[in-house]
Colleague: 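Below you will find the structure I want to go over with you.
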2 protein chains.
Amino acid sequence: MAGSIGDKYYDVFLKYRLWLCNQSDEGILGDGRFELLREIERTGSLKSAADNLNISYRKAWGNIKQAEELLGFTLVIKQRGGKDGGSSQLSTEGVQLLAAYDELREDFDQSIKKITKKFFNKINKNGNK
Amino acid sequence: MAGSIGDKYYDVFLKYRLWLCNQSDEGILGDGRFELLREIERTGSLKSAADNLNISYRKAWGNIKQAEELLGFTLVIKQRGGKDGGSSQLSTEGVQLLAAYDELREDFDQSIKKITKKFFNKINKNGNK
DNA sequence: TTTCGTTATGTTCAAAAAAACATATTGCAA
DNA sequence: TTGCAATATGTTTTTTTGAACATAACGAAA
């Protein structure tokens with residue numbers, strides 16, 4: 001929340017986005033894709049993950065593939081065929097990267113809180129309404 | 001830089017974007033627009049600012065207008081006509097907001113450094129190459 | 001009262017991103 | 001040996017975004 005009711009910046013919020021990219025500035029993984037990895041880990045299926053996150057299978061699959069191509073290694077081990085049609089699970093690298101990202105995100109959020117508070121205190125301060 | 005040569009994540013970089021938005025998630029001001037404000041403050045002209053930043057006047061003007069509409073107050077005091085055709089300068093609010101954002105950005109950058117380092121140390125650590 | 005450079009704004013074109021559609025492949029189990 | 005459900009991909013359509021184009025209004029100074 002930006003400030004108190006009546007503040008000049010009452011309806012203003014500070015947001016941020018984090019992502020990994022390569023030197024050519026091509027996006028590798030951001031919040032959305034990490035969430036997808038998390039859901040694959042949880043459900044054991046790319047399709048279920050996509051369905052649960054309300055994105056098309058086509059898009060989910062393409063996102064994972066692109067990330068893997070840019071990284072140069074596999075994040076998701078995929079199997080097709082079989083009685084259930086197939087399944088997916090995170091590779092060791094995928095598990096580790098996801099865990100590291102979760103921690104990163106937490107540290108980030110934590111760190112941002114006081115900075116944000118300082119910012120809104122400053123722009124909402126008296127004489128500025 | 002992500003890590004040392006040979007690291008698994010050598011060509012991976014962490015980036016982030018900061019911006020202000022309202023409750024409806026409409027973007028108000030981000031890095032680009034703040035840079036525009038800064039250039040207007042410096043040059044005293046929206047046109048000069050746009051030219052210097054290599055964006056069209058049309059776009060620069062629209063960006064400022066949208067930000068002002070969402071905020072509900074003026075960021076840039078614009079005058080047209082006159083011997084020089086017109087001029088623009090930041091309002092008191094504009095000056096204050098820009099200053100606060102500059103400080104915010106600095107705090108943010110500072111705070112992010114060690115978090116980033118920790119992240120890459122983790123994912124690049126031995127046994128993970 | 002004409003000129004000039006800037007602000008002001010509608011409109012149209014082009015490019016990029018995302019969504020939608022369509023179809024093939026795989027391999028266990030019945 | 002057929003059916004099934006999930007993975008694998010190419011193609012087309014739609015949406016979004018941004019760039020480009022065009023043109024009006026303004027007002028001090030010459």
Side-chain angles (χ1 to χ4, degrees), chain A residues 17 19 21-22 24-37 39-70 73-91 94, chain B residues 15 17 19 21 24-33 35-37 39-71 73-91 94:
Chain A
R17 222 168 67 76
W19 72 97
C21 65
N22 63 15
S24 311
D25 224 23
E26 296 166 299
I28 302 175
L29 289 162
D31 255 12
R33 293 182 184 188
F34 275 112
E35 198 169 348
L36 179 58
L37 288 182
E39 198 62 13
I40 292 171
E41 184 177 55
R42 200 178 70 77
T43 62
S45 153
L46 178 47
K47 171 153 201 325
S48 302
D51 286 348
N52 294 346
L53 296 177
N54 265 79
I55 58 178
S56 70
Y57 172 85
R58 182 66 180 78
K59 183 171 187 63
W61 176 84
N63 282 166
I64 297 294
K65 174 169 176 157
Q66 188 192 19
E68 290 179 333
E69 278 172 356
L70 292 173
F73 52 84
T74 297
L75 292 171
V76 179
I77 298 169
K78 289 150 273 186
Q79 284 171 316
R80 62 177 179 176
K83 77 173 189 316
D84 296 321
S87 65
S88 295
Q89 59 178 317
L90 298 196
S91 67
Chain B
K15 295 217 174 164
R17 224 167 66 75
W19 72 99
C21 65
S24 312
D25 225 22
E26 297 165 297
I28 301 176
L29 288 163
D31 257 11
R33 292 182 184 188
E35 198 169 349
L36 179 57
L37 288 181
E39 197 64 11
I40 291 171
E41 184 177 54
R42 201 177 69 77
T43 61
S45 154
L46 178 49
K47 175 160 198 322
S48 301
D51 287 349
N52 293 346
L53 296 177
N54 265 78
I55 57 176
S56 71
Y57 171 84
R58 182 67 180 78
K59 183 172 187 62
W61 176 84
N63 281 165
I64 297 294
K65 173 169 176 157
Q66 189 192 19
E68 290 179 332
E69 279 171 355
L70 292 173
L71 285 172
F73 53 84
T74 299
L75 292 171
V76 179
I77 298 168
K78 289 149 269 186
Q79 284 171 319
R80 62 178 179 177
K83 76 174 193 310
D84 295 323
S87 65
S88 296
Q89 60 178 317
L90 297 195
S91 67

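Predicted model only: the values in this text are computed from it and were never measured. All chains are named by letter (A, B, ...) in the order of the sequence lines, taking the proteins before the strands, and each is independently numbered beginning at 1.
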Colleague: Could you state the interatomic distance from CG (L75(B)) to CG (L90(B)), rounded to the nearest 0.5 Å?
Modeller: 8.0 Å
Colleague: Which residue pairs pass the side-chain hydrogen bond (donor to acceptor under 3.5 Å, both in side chains) test when at least one of the two sits in residues 44-56 of chain B, sequence neighbours left out?
Modeller: E39(B)-N52(B), S45(B)-S48(B), K47(B)-D51(B)
Colleague: Sequence neighbours left out, what passes side-chain contact (heavy atoms from CB on, under 4.5 Å) with A60(B)? Give chain and number order.
Modeller: L36(B), L46(B), A50(B), I55(B)
Colleague: Which residues pass the side-chain hydrogen bond (donor to acceptor under 3.5 Å, both in side chains) test with R58(B), sequence neighbours left out?
Modeller: none
Colleague: Among residues 45-57 of chain B, which residues get a heavy atom nearer than 4.0 Å to DNA chain C?
Modeller: S45(B), L46(B), K47(B), Y57(B)
Colleague: Taking only residues two or more places apart in sequence, or in another chain, which ones meet N63(B) in a side-chain hydrogen bond (donor to acceptor under 3.5 Å, both in side chains)?
Modeller: none
Colleague: With sequence neighbours left out, which residue pairs that include part of residues 74-90 of chain A fulfil the salt bridge (Lys or Arg N to Asp or Glu O under 4.0 Å) condition?
Modeller: E68(A)-K78(A)
Colleague: Walk along DNA chain C from 5' to 3' and tell me the first and last nucleotide with an atom closer than 4.0 Å to a non-hydrogen atom of chain A.
Modeller: dA18(C) to dA29(C)
Colleague: Test of understanding: with salt bridge (charged side-chain N to carboxylate O under 4.0 Å, His left out), list the residues that count as partners of E35(A), not counting sequence neighbours.
Modeller: none
Colleague: Only counting residues at least two apart or in another chain, list the ones meeting salt bridge (charged side-chain N to carboxylate O under 4.0 Å, His left out) with K65(B).
Modeller: E69(B)
Colleague: When you check every protein heavy atom under 4.0 Å of nucleotides 22-30 of chain D, what one-letter string (B, S, -) results, 5' to 3'?
Modeller: ---BBBBS-
Colleague: Among residues at least two apart in sequence or on other chains, which ones pass side-chain contact (heavy atoms from CB on, under 4.5 Å) with Q66(B)?
Modeller: R33(B), L70(B)
Colleague: Here's a test for you: under side-chain contact (heavy atoms from CB on, under 4.5 Å), which of T43(B), V76(B), I77(B) qualifies with Q89(B)?
Modeller: I77(B)
Colleague: Rounded to the nearest 0.5 Å, how far does CD1 of I40(B) lie from CG of L53(B)?
Modeller: 9.0 Å
Colleague: Output the residues of residues 26-35 of chain A in contact with DNA chain D, where contact means a heavy atom of the residue under 4.0 Å from an atom of the strand; sort by number or write none.
Modeller: none
Colleague: Please round to the nearest 0.5 Å and tell me the distance separating atom OG of S88(A) and atom CD of E41(A).
Modeller: 12.5 Å
